[in-house]
Amino acid sequence: MNGDFLQGLTVSVLGILITFIALGVFILIMIVLQRLFPYREEEEEQAETAQIETRQPAEETAVSQDGEIVAAIAAAVAYLRLRANPQLGNSFQEGRSRWWFSRRLEAIEGKTRKR
């Protein structure tokens, strides 16, 4: 067999082995972490969510008011930007400009000159 072929085969086999060994180590780490930190029962989770729900209404009103203020400011800024330049999207609908065609022509002429 050719030396290049053997070298390519060796590199391919080593790459595949390293990949699968790394995946195996990753799976082992996941198994160890699952055994160290087992899944909590639903009763404990329900007790925690009940405590969180009792505290949430007071915090929720402050957050919702802040969110409404931020949304109003964002809408005002978007409106003012649109009023400042209402023709912004028209340039996208015009298509390719003369500059694009001139550059394309230069590229075509440059190819024919090099031959």
Assigning hydrophobic clusters by single linkage (Ile, Leu, Val, Met, Phe, Trp, Tyr; side-chain heavy-atom cutoff under 4.5 Å), is [X] placed with [Y]?
X   : Y   : answer
L17 : L23 : no
I29 : L36 : yes
V13 : I21 : no

* **Pairwise distance CZ(F5) to OG1(T10) - rounded to 0.5 angstrom** => 9.5 Å

